[in-house]
Amino acid sequence: MSASRTTAHDATTTREPGLDGGGGDGQGERAVGTTEGAALLGVPKARFTRLARLGLLVPAGFRVNRYRAVVWLYQAEELRLFASDDGNASLLTGRTPGNLRGLLDTGVDLRPRNWRSRRLGLMLRRADGPWARAGAVASLLRPPHVAEAVGDPHDRRHLDRFRRPPPTHGAPGPPAAGLAEGLMTAQDPDEVAWLQADLTRLTEEARAHRPAPRGPLGR
């Protein structure tokens, strides 16, 4: 699985509701980086990062710092709940279980994928109508993957009106935009296949609700 470059130079941030990657799923929700997140769990930063790579801590957003590195952000309240759950106690102290160490040794990093899944859920909850729901899924796929799932070019053109752009929170400029776009796009074949199946189904539902306009297609 693909891994994003991360850094220990992170920060605490608070975001209003939005889809810019900044870390807030709702108004007033406080997002923290690795340093403060580790303190909330009472673990070293390295252990915190391992838990996040394994998918046990799900990012709520990210920013790109001045070094053009991705800084993952987590909801403070979710971290407190994780720490207070007795079932997680063995993950916070002692040696990492062997099966999880094996996954880490393979280079697993589920942070980008889990963030995409979280973002998709937020986009779907905020979608206004069937085409907007289909467009939310299309936002996580590269154009060739969209074309494989949606054969009709008129449907694809209509979907483009509802696709969400990649978040651009953080350092300005093309490198940061490229990082955001890469994080926004499904990478693993199974993730791509799952999203394509969902996109096909949602597009069919949207077409049944209201067909896409059939005007001339641009070159």
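Model, not experiment: these values are computed from the prediction. FYI, side chains are in, hydrogens and waters are out, and symmetry mates aren't considered; it's all heavy atoms of this structure.
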Could you go through the side chain to side chain contact (heavy atoms under 4.5 Å, CB included) check for Thr203 and Asp152 one step at a time?
-> CA-CA 10 Å; Thr203 301; Asp152 189 307; over 6 Å; no

List for me each residue that meets side-chain contact (heavy atoms from CB on, under 4.5 Å) alongside Pro153, sequence neighbours excluded, and say none if there are none.
-> Arg156, Leu217

Taking all non-hydrogen atoms of both residues, which atom of Gly55 and which atom of Asn114 are closest, and how far apart?
-> CA-ND2, 3.3 Å

Mind checking what makes side-chain contact (heavy atoms from CB on, under 4.5 Å) contact with Asp160, not counting sequence neighbours?
-> Arg163

Can you name the side-chain contact (heavy atoms from CB on, under 4.5 Å) partners of Arg80, sequence neighbours left out?
-> Arg30, Leu40, Ala76, Glu77

Short question: side chain of Arg111, backbone of Thr49 - any donor-acceptor pair under 3.5 Å?
-> no

About how many Å separate CZ of Arg113 and CG of Asp188, when rounded to the nearest 0.5 Å?
-> 5.5 Å

Closest heavy-atom contact between Phe48 and Ala38?
-> CD1-N, 3.5 Å

Closest approach of Pro213 to His158 (non-hydrogen atoms, all atoms of both residues) = CD-ND1, 3.5 Å

Check whether Val58 and Tyr74 end up in the same hydrophobic cluster, where Ile, Leu, Val, Met, Phe, Trp and Tyr are linked by side-chain heavy atoms less than 4.5 Å apart.
-> no

What's the verdict on side chain to side chain contact (heavy atoms under 4.5 Å, CB included) for Leu57 and Leu41, showing C-alpha distance, side-chain angles and the deciding distance?
-> CA-CA 11 Å; Leu57 305 174; Leu41 295 189; 3.8 Å; yes

Could you tell me the separation between the CE atom of Met123 and the CZ atom of Arg125, rounded to the nearest 0.5 Å?
-> 11.0 Å

Please indicate whether Arg95 has more than 12 foreign heavy atoms, meaning atoms of other residues, nucleotides or ligands, lying under 6.0 Å from its CZ.
-> no

Atom pair CE (Met184) and CG (Leu120), whose distance is rounded to the nearest 0.5 Å = 8.5 Å

How would you list, by chain and number, every residue that makes a side-chain contact (heavy atoms from CB on, under 4.5 Å) with Leu103, sequence neighbours excluded?
-> Leu54, Leu100, Val108

Should Trp72 and Arg53 be marked as a side chain to side chain contact (heavy atoms under 4.5 Å, CB included) after you check the CA-CA gap, both sets of side-chain angles, and the distance that decides it?
-> CA-CA 11 Å; Trp72 291 107; Arg53 285 177 53 197; over 6 Å; no

For Leu183 and Arg116, the nearest pair of non-hydrogen atoms, with its separation, is O-NH1, 2.9 Å

From Glu205 CD over to Arg201 CZ, what is the distance, rounded to the nearest 0.5 angstrom?
-> 5.0 Å

Mind checking what makes side chain to side chain donor-acceptor pair (under 3.5 Å) contact with Glu204, not counting sequence neighbours?
-> none

Flag yes if Leu56 and Leu110 sit in one hydrophobic cluster, no otherwise; membership is Ile, Leu, Val, Met, Phe, Trp, Tyr, and two members link when side-chain heavy atoms are under 4.5 Å apart.
-> yes

Atom of Ala149, atom of Thr200 and distance for their closest heavy-atom approach | O-OG1, 2.9 Å

Look at the side-chain heavy atoms of Ile, Leu, Val, Met, Phe, Trp and Tyr, link any pair under 4.5 Å apart, and say whether Leu81 and Leu79 land in one connected group.
-> no

Under 3.5 Å, side-chain donor or acceptor atoms of residues 127-139 against the rest of the protein: list the pairs with distances, not counting sequence neighbours.
| unit_1 | atom_1 | unit_2 | atom_2 | d |
| --- | --- | --- | --- | --- |
| Trp131 | NE1 | Ala206 | O | 3.4 |
| Trp131 | NE1 | Arg210 | O | 2.8 |
| Ser139 | OG | Gly135 | O | 2.8 |
| Ser139 | OG | Arg164 | N | 2.6 |

Between CG of Leu202 and CG of Leu124, what distance do you get to the nearest 0.5 Å?
-> 7.0 Å

Audit row: Gln187, Arg142, side chain to side chain contact (heavy atoms under 4.5 Å, CB included) steps and yes/no = CA-CA 9 Å; Gln187 305 293 330; Arg142 299 183 189 280; 3.6 Å; yes

Nearest 0.5 Å please: distance from the CG atom of Asn88 over to the CG atom of Leu51.
-> 8.5 Å

Non-hydrogen atoms of Phe62 and Val70 that approach each other most closely = CB-CG1, 4.1 Å

